[in-house]
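Quick note: numbers below take in every heavy atom, side chains included, and nothing from hydrogens, waters or symmetry partners. The chain is numbered in sequence order, starting from 1. In each ligand, atom 1 is the first atom listed, and ligand 1 is the first ligand listed.
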Amino acid sequence: MTPKTKIGIVGCGNISGTYLKVAKTFDILEVVACADVIPELAQAKAAEYGVPKACSPDELLADPEIEIVVNLTPPAAHAGIALQALQAGKSVYNEKPLAIEREDAQRMLQLAEQKGLRVGCAPDTFMGAGLQTCRKLIDEGAIGRPIAATAFMLSRGPEPWHPNPEFFYQRGGGPMFDMGPYYLTALVTLLGPVKRVSGATQMTFPQRVIGSGPKKGNPIPVEIPTHIVGLLEFAAGALGTIITSFDVWAHQLPRIELYGTDGTLSVPDPNTFGGPVKLWRPEKREWQEVPLLPLPAENSRSLGVADMAYAMRSGRPHRANGALAYHVLDLMHTIHDAAREGRHIDVSSTCERPAPLSIESLTN
Ligand SMILES: NC(=O)c1ccc[n+]([C@@H]2O[C@H](COP(=O)([O-])OP(=O)(O)OC[C@H]3O[C@@H](n4cnc5c(N)ncnc54)[C@H](O)[C@@H]3O)[C@@H](O)[C@H]2O)c1
């Protein structure tokens, strides 16, 4: 039997329940502690999910048992917690985005390299049945040579339902930094890295109003663009268009489509692990739903942590890795930079496409 990798969760808010539930389904993972700046939240999650220890973040980071710190704090705390974890000799897996600032993310990757530790980062949805089926189809040439991609994430913003939506309208928030990681990670894992971008952005409404919870009716000043249009030139040659928006009431656009010399692939919502995957080929002249590979199709957040734990045992690279997450963070910033400066910008980072996933390849 593979020895368990002991993990500690920092940040016991909204998304932590999913990680705590799903981590139990992986033989290699054992959650031994959870922590939050609000002690009652850590205690409540520990009691609910049978975690042996609820403690402060500092105590968790000092626990010699823990090999991987899973960092589920809000984006502004990602870099601080990750750097502390690495300093303490632990590998770290951050929720998205890797950090808010590129410099902090670079510091993280350098420190991990120096210390022989790993940095992992959400999203891991690209390892699910839906996007892995797309990956297989692309690699097998089902649409020929990819020539273009479109990706659309348009909504009217999270403030109607989210009780604490202020951070969505501050630096590091906005539709690109919040939702862009799903779309860009999907595109980069399917088509490879991006070499040049341009963009245009707009801040449509200077103020938002909280729509639920105790702060209902409170205004939020908007400090960042809320409609972002990006053009992506992939190193392998395809051209991509991405729009992320918190300004749109309704639309009928697809989530992601890939266009090739020999067909079109309709890619499922990259914020999920499942399908549907649909392929259009000229000889059939109709959309055909493609059966999904036998991989997780339900909400499996922590799949990337399990893959990293197995990779640390065998020495292979892990899939939801720091270089991929850094490239995605860099793309999001560079689209905003290009919009501000009114020009195309060469992207200074790059990354490898992670290896495709099969159930057999996950557990070794
Ligand atoms: N909520 C979702 O549906 C969702 C989905 C996918 C990803 N995410 C990502 O997960 C992360 C967390 O999101 P969330 O919705 O769970 O947020 P949240 O605000 O509900 O929870 C974050 C928790 O972290 C704690 N915290 C803040 N600073 C801390 C620090 N320095 N040390 C320890 N604990 C600290 C807070 O007290 C809070 O309990 C974000 O990066 C977000 O982008 C959220």
Side-chain angles (χ1 to χ4, degrees), residues 8-23 33-46 48-49 51 54-63 66 69-85 87-88 90 92-101 104-105 108 120-126 128 153 155 157-159 161-186 210 212-213 215 244 246 269-273 298-305 320 325 328-329 332:
I9 290 186
V10 180
C12 293
N14 214 308
I15 201 63
S16 63
T18 305
Y19 276 81
L20 283 156
K21 190 168 123 208
V22 180
C34 60
D36 198 287
V37 280
I38 304 172
E40 302 79 52
L41 289 178
Q43 283 150 13
K45 286 287 186 254
E48 189 178 349
Y49 293 95
V51 178
C55 57
S56 71
D58 284 345
E59 279 173 80
L60 188 147
L61 295 172
D63 184 337
I66 293 172
V69 170
V70 176
N71 181 4
L72 308 181
T73 58
H78 286 183
I81 295 287
L83 286 165
Q84 260 183 282
Q87 284 293 4
K90 300 178 189 318
V92 67
Y93 183 96
N94 276 7
E95 245 304 335
K96 49 82 189 166
L98 183 56
I100 293 181
E101 306 302 340
D104 288 331
M108 232 182 260
C121 188
D124 50 6
T125 42
F126 75 88
M153 194 304 297
S155 76
E159 71 277 13
W161 57 268
H162 199 296
N164 298 303
E166 294 88 345
F167 79 92
F168 288 108
Y169 296 101
Q170 295 159 1
R171 185 166 170 84
M176 184 57 92
F177 284 89
D178 183 50
M179 294 299 288
Y182 295 108
Y183 289 75
L184 290 168
T185 304
I210 300 179
S212 68
K215 295 190 262 182
T244 62
F246 281 164
D269 182 347
N271 190 8
T272 67
F273 289 78
E298 302 305 321
N299 190 350
S300 303
R301 288 184 161 87
S302 83
L303 178 57
V305 184
V328 166
L329 177 68
M332 298 192 292

Above 12 or not: heavy atoms from other molecules or residues under 6.0 Å from CD of E298?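 Not more than 12 within 6.0 Å, no.
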Could you identify the single nearest non-hydrogen protein atom to [atom] and state the distance to 0.1 Å?
| atom | value |
| --- | --- |
| atom 27 (C) of ligand 1 | P74 CD, 3.3 Å |
| atom 13 (O) of ligand 1 | I15 CG2, 4.2 Å |
| atom 12 (C) of ligand 1 | L72 O, 3.3 Å |
| atom 29 (C) of ligand 1 | T73 CG2, 3.7 Å |
| atom 37 (O) of ligand 1 | D36 OD1, 2.6 Å |

Do [X] and ligand 1 have an N or O pair less than 3.5 Å apart?
| X | answer |
| --- | --- |
| N14 | yes |
| H78 | yes |
| P97 | no |
| K96 | yes |

Looking just at side-chain N and O atoms, do N71 and T73 make a donor-acceptor pair shorter than 3.5 Å?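 Distance-only check passes for N71 and T73.
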Within the 3.5 Å criterion, strictly below it, is a donor on Q43 or D36 matched to an acceptor on the partner's side chain?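 Distance-only check fails for Q43 and D36.
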Per [atom], closest listed option by heavy atom ([options]):
| atom | options | value |
| --- | --- | --- |
| atom 7 (C) of ligand 1 | M179, E40, E95, H162 | E95 |
| atom 6 (C) of ligand 1 | F167, Y182, Y19 | Y182 |
| atom 21 (O) of ligand 1 | G13, A122, P181 | G13 |

Evaluate the criterion salt bridge (charged side-chain N to carboxylate O under 4.0 Å, His left out) for residue pair K90 and D63; output intermediate values, then yes/no. CA-CA 10 Å; K90 300 178 189 318; D63 184 337; 6.0 Å; no
Minimum heavy-atom distance between N271 and R301, given as atom pair plus value: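 Result for this residue pair: OD1-NH2, 2.8 Å.
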At under 4.0 Å between heavy atoms, which part of V37 makes contact with ligand 1: side chain, backbone, both or neither?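 Under 4.0 Å from ligand 1, V37 contributes backbone and side-chain atoms.
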Applying a 4.0 Å heavy-atom criterion (strictly less than), which segment of N164 is in contact with ligand 1: side chain, backbone, both, or neither?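 The answer is neither; N164 stays 4.0 Å or more away.
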For E59, does its backbone N or O pair with a side-chain atom of S56 as donor and acceptor, under 3.5 Å?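 Yes: the side chain of S56 pairs with the backbone of E59.
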